[in-house]
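We name chains A, B, ... by the order of the sequence lines, and we start the count at 1 in each one. Source: prediction; values computed, not measured. Side chains included, hydrogens not; waters and symmetry mates left out as well; all remaining heavy atoms used.
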Amino acid sequence: MSNLQPPRGTADILPQDQRRHRHVTDTAQAIAGRYGFEEMSTPIFEATEVFKRTLGETSDIVTKEMYVFDDKKGRSITLRPEGTAGVARAFITHLRSEPLPLKFFYRGPMFRYERMQKGRQRQFHQFGVELLGVPQPLGDVEAIAMGAHILEALGVADKVTLQINTLGDAECREAYREKLVTYLEGFRSDLSEDSLERLGRNPLRIFDSKDESDRAVVKNAPRLIDHLNQASTDFFDAVKGGLDAAGVAYEINPGLVRGLDYYGHTAFEFVTKTLGAQGTVLAGGRYDGLIQLMGGPPTPGIGWAAGVERLALMTAEAPPAPRPVTIIPRDPAAQTQALVLAQQLRRGGLAVDLGYSGNLKKRLDRANKAGATAAVILDGDSATVRDMETGEQTDVALAGLEDHLQRYR
RNA sequence: GUGGCCGUAGCUCAGUUGGUUAGAGCGCCUGGUUGUGGUCCAGGAGGCCGGGGGUUCAAAUCCCCUCGGCCACCCCA
């Protein structure tokens, strides 16, 4: 029994859940398409370097969450923990001289070695978008508006709020970081263990701490938002103005920081309170330096990723399974005739279920369990169509059957 | 990685201070119906009580380890 369980943090997605997941990604895909985004897929694993360099050596993902292993030739391989690095890599290897901008979306599994919680697994699925080659804040606005649009289409907009922040450009972020660290150094003894850790790695994170003592320290700390240079301020203002114009509601959260090193300027998260501690449902930001950092041509980018499982948990009802029409030969020896008829109707666009064995009673029972809208009881040249909702039966000549069944599509 | 709670039929759960053949509802199967589903009635199958070790005359129940889940921290989708 124990070895028949899927590995920790993974899950079998059975049809009912799969329908929810599909609903999420299909909805996202349809709307992304309206914004001119096209699907692409990158490998599920990459050379470890691809993630190490892009996510930052000190990020949590790289230091403790990656699935890393050596392949048979001794190359270090990593199961992708996120999607942007792979898309950026693919851009560099194939698309660097394509006319910009480029708009992609992707969907698929991601892997992070983490402790389980609701809405958090070791293998999970993301739907993400990347917009490459747009340095203007309009790109940020459009990407965020598209995210909001998708959440609205999924019917979860009222359970979600958008938080935005700016991380500034590289220049002012560095200058600010030094100021902040200097300030925090003065309160070393008041900081929590976690925050001392963060001090070296990602001091901005300390603003997010839930520790009482940390909060007190941070209360009077210098804020990035007060240390932005003019260019960064203008950029942020333009993003906010654009969101206002597009009718996308947001709140500014100065504590919002991206965990990955490649982000700059805009950072945003759509969060919900309905999923416990895992409130983030769709999040992203601008990553202008990433592609160059990976050895590609300087190319600005902005993107986000949404957690499919989390969104599926939030959507109320799974879309119903398609309901077939079932073909039942009155004489079991007419099985082949039933098969031929089923094929013909399927070619005509109907969902058709074939009873495989058993008597009429048993087959009707199965048809009922399969959710059939109607049963076609085949008897020589004619057929009786039984409406499975009302129980009403109509005799139909085989020639007119396909027409008659149109009402059950 | 840290801390807390939990693990009994396919599913949701009950199981008294350790004490004989471990229960219910739903689901599943069969029959009532010599060829018509859903409702109803009757019957039936199905549990090494997550796994391993220990304490005891006796363990689903107590202890340890392990696997898995939930919750919080960390971090994130």
Side-chain angles (χ1 to χ4, degrees), chain A residues 1-11 14 16 24-25 28 55 59-65 80-84 107-128 147 151 160 192-195 197-198 201-202 205-206 208-211 214 256-260 267-272 275-284 303-314 326 328-332 355 358-377 379 384-393:
Chain A
M1 191 68 180
S2 62
N3 57 350
L4 292 181
Q5 289 171 319
R8 182 164 220 190
T10 65
L14 303 179
Q16 196 173 335
V24 170
T25 55
L55 302 179
S59 69
D60 271 54
I61 288 185
V62 170
T63 53
K64 54 180 209 194
E65 292 175 5
R80 63 182 187 191
E82 57 97 42
T84 302
R107 57 174 145 194
M110 303 292 165
F111 304 85
R112 258 120 94 155
Y113 192 91
E114 292 191 281
R115 191 88 169 246
M116 290 289 295
Q117 242 173 284
K118 187 194 194 79
R120 182 213 261 171
Q121 301 161 272
R122 290 183 174 181
Q123 177 180 342
F124 61 105
H125 297 76
Q126 287 188 334
F127 179 94
L151 295 174
V160 142
S192 67
E193 211 173 306
D194 282 333
S195 286
E197 187 67 22
R198 287 184 275 230
R201 291 217 312 258
N202 195 346
R205 271 251 102 85
I206 299 178
D208 252 351
S209 175
K210 285 162 189 165
D211 184 272
D214 285 347
L256 178 63
V257 179
R258 296 259 54 97
L260 311 180
F268 63 92
E269 283 184 9
F270 288 86
V271 297
T272 180
L275 295 177
Q278 276 62 241
T280 306
V281 123
L282 185 158
W304 53 253
V308 175
E309 282 83 356
R310 289 183 185 178
L311 287 172
L313 282 171
M314 290 177 71
T326 299
I328 300 174
R330 178 145 247 147
D331 176 3
N359 57 24
L360 184 54
K361 176 185 169 72
K362 175 154 299 246
R363 291 187 194 221
L364 274 170
D365 189 21
R366 294 216 182 105
N368 185 51
K369 281 170 182 154
T373 49
V376 176
I377 301 164
D379 197 1
T384 301
V385 175
R386 180 177 177 86
D387 185 303
M388 294 299 280
E389 296 293 342
T390 63
E392 195 180 326
Q393 302 202 151

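In terms of heavy atoms, A/Ser195 sits closest to A/Ile206 at O-CD1, 3.5 Å. Here the shortest heavy-atom pairing between A/Ala372 and A/Thr326 reads CB-OG1, 3.4 Å. The minimum heavy-atom distance between A/Phe127 and A/Thr25, with the atom names listed, is CE1-O, 4.0 Å. Looking at every heavy atom in both residues, A/Glu82 comes nearest to A/Thr84 through OE1-N, 3.2 Å.
In this structure, A/Glu309 reaches neither bases nor backbone, as no heavy-atom distance under 4.0 Å exists between it and the strands shown. Nucleic acid contact for A/Ala367: none, since no nucleic acid atom lies under 4.0 Å from a heavy atom of the residue. A/Gly391 comes within 4.0 angstrom of a base, heavy atoms only. Residue-level contact check: A/Leu282 touches the backbone only, with heavy atoms under 4.0 Å from sugar-phosphate atoms and none from bases. Among the atoms of the strands shown, none is found under 4.0 Å from any heavy atom of A/Arg363. Residue A/Gly83 is out of contact with every strand shown, counting any heavy-atom pair closer than 4.0 Å. Using a 4.0 Å heavy-atom distance criterion, A/Gln123 is classed as making no nucleic acid contact. Counting any heavy atom pair closer than 4.0 Å across all strands shown, A/Glu82 reaches no nucleic acid atom.
Applying the 4.0 Å criterion to OP1 and OP2 of B/rC28, one finds that A/Lys369 has a side-chain N or O inside that range. In this model, the phosphate group of B/rG1 is not approached by any side-chain N or O of A/Lys64 to a distance below 4.0 Å at OP1 or OP2.
One interatomic measurement links the two molecules: CG of A/Asp387 to P of B/rU36, which rounds to 19 Å at whole-angstrom precision. A straight line from NZ of A/Lys362 to C1' of B/rG37 spans 12 Å, rounded to a whole angstrom. One atom, CD of A/Gln121, and another, C1' of B/rC75, lie 16 Å apart when rounded to the nearest Å. Taking atom CD1 on A/Ile328 and atom P on B/rG35, their separation rounds to 15 Å, with Å as the unit. The CD atom of A/Glu392 sits 16 Å away from the C1' atom of B/rG37 (whole-angstrom rounding). Summarising the geometry, the separation between CD on A/Glu65 and P on B/rG1 is reported as 12 Å, rounded to the nearest angstrom. Taking atom CD of residue A/Glu114 and atom P of nucleotide B/rC74, one finds them 13 Å apart after rounding to whole Å. One interatomic measurement links the two molecules: CG of A/Asp365 to C1' of B/rG27, which rounds to 13 Å at whole-angstrom precision.
None of A/Asp379, A/Val376, A/Thr384, A/Leu364 except one satisfies the side chain to side chain contact (heavy atoms under 4.5 Å, CB included) rule with A/Ile328; the exception is A/Leu364. Between A/Thr280 and the options A/Leu275, A/Thr272, A/Val271, a side chain to side chain contact (heavy atoms under 4.5 Å, CB included) holds for only A/Val271.
Between B/rC74 and B/rC57, the distance separating the two C1' atoms is 50 Å to the nearest Å. Separation of the C1' atoms belonging to B/rG50 and B/rC6 is 12 Å when rounded to the nearest angstrom. When the P atom is compared between B/rU20 and B/rU61, the two are found 13 Å apart, to the nearest whole Å. Nucleotides B/rG7 and B/rG47 are separated by 14 Å at their C1' atoms, to the nearest Å. Look at the P atom in both B/rG10 and B/rU16: the space between them is 22 Å, to the nearest Å. A distance of about 16 Å separates the C1' atoms of B/rG69 and B/rC11, rounded to the whole Å. The same atom, C1', is picked in B/rG25 and in B/rC62; the two are 31 Å apart, to the nearest Å. Of the C1' atoms belonging to B/rA24 and B/rA9, the separation is 11 Å, rounded to the nearest Å.
No hydrogens or angles were tested; on distance alone, nothing pairs the side chain of A/Arg366 with the base of B/rG37 as donor and acceptor under 3.5 Å. Taking only distance into account, the side chain of A/Asn368 never meets the base of B/rG38 through a donor-acceptor pair shorter than 3.5 Å.
Note that CZ of A/Arg112 and CZ of A/Arg80 are 11.5 Å apart. Values are rounded to the nearest 0.5 Å. Taken to the nearest 0.5 Å, the CZ atom of A/Arg363 stands 15.0 Å off from the NZ atom of A/Lys361.
A/Arg107 contributes no side-chain N or O that, together with a main-chain N or O of A/His125, makes up a donor-acceptor pair within less than 3.5 Å. The backbone N or O of A/Pro7 sits less than 3.5 Å from a side-chain atom of A/Thr10, completing a donor-acceptor pair.
In this structure, A/Asp365 pairs ionically with A/Lys369, as a charged nitrogen and a carboxylate oxygen lie closer than 4.0 Å.
Comparing B/rC75, B/rA77, B/rU30 by their closest approach to the side chain of A/Arg198 singles out B/rC75.
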Could you write out RNA chain B as dot-bracket? Rules: Watson-Crick or G-U wobble, both distances under 3.5 Å, brackets [ ] for crossings, | for pairs with another strand, dot for unpaired.
(((((((..((((.....[...)))).(((((.......))))).....(((((..]....))))))))))))....

Please tabulate, one pair per line, each protein N/O and nucleotide N/O from nucleotides 70-73 of chain B that are separated by under 3.5 Å, including the distance.
residue	atom	partner	partner atom	Å
B/rC71	OP2	A/Lys118	N	2.3
B/rA72	OP1	A/Ala277	N	3.3
B/rA72	OP2	A/Gln117	NE2	2.8
B/rC73	OP1	A/Lys210	NZ	2.9

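Along RNA chain B, the nucleotide nearest A/Glu269 and the nucleotide nearest A/Thr10 are compared for position; the residue whose nucleotide lies closer to the 5' end is A/Thr10. A residue-by-residue look at A/Gly9 and A/Ala283 shows that A/Gly9 has its nearest nucleotide of RNA chain B further toward the 5' end.
Residues A/Pro81 and A/Met110 have side chains not in contact (no heavy-atom distance under 4.5 Å, counting atoms from C-beta outward).
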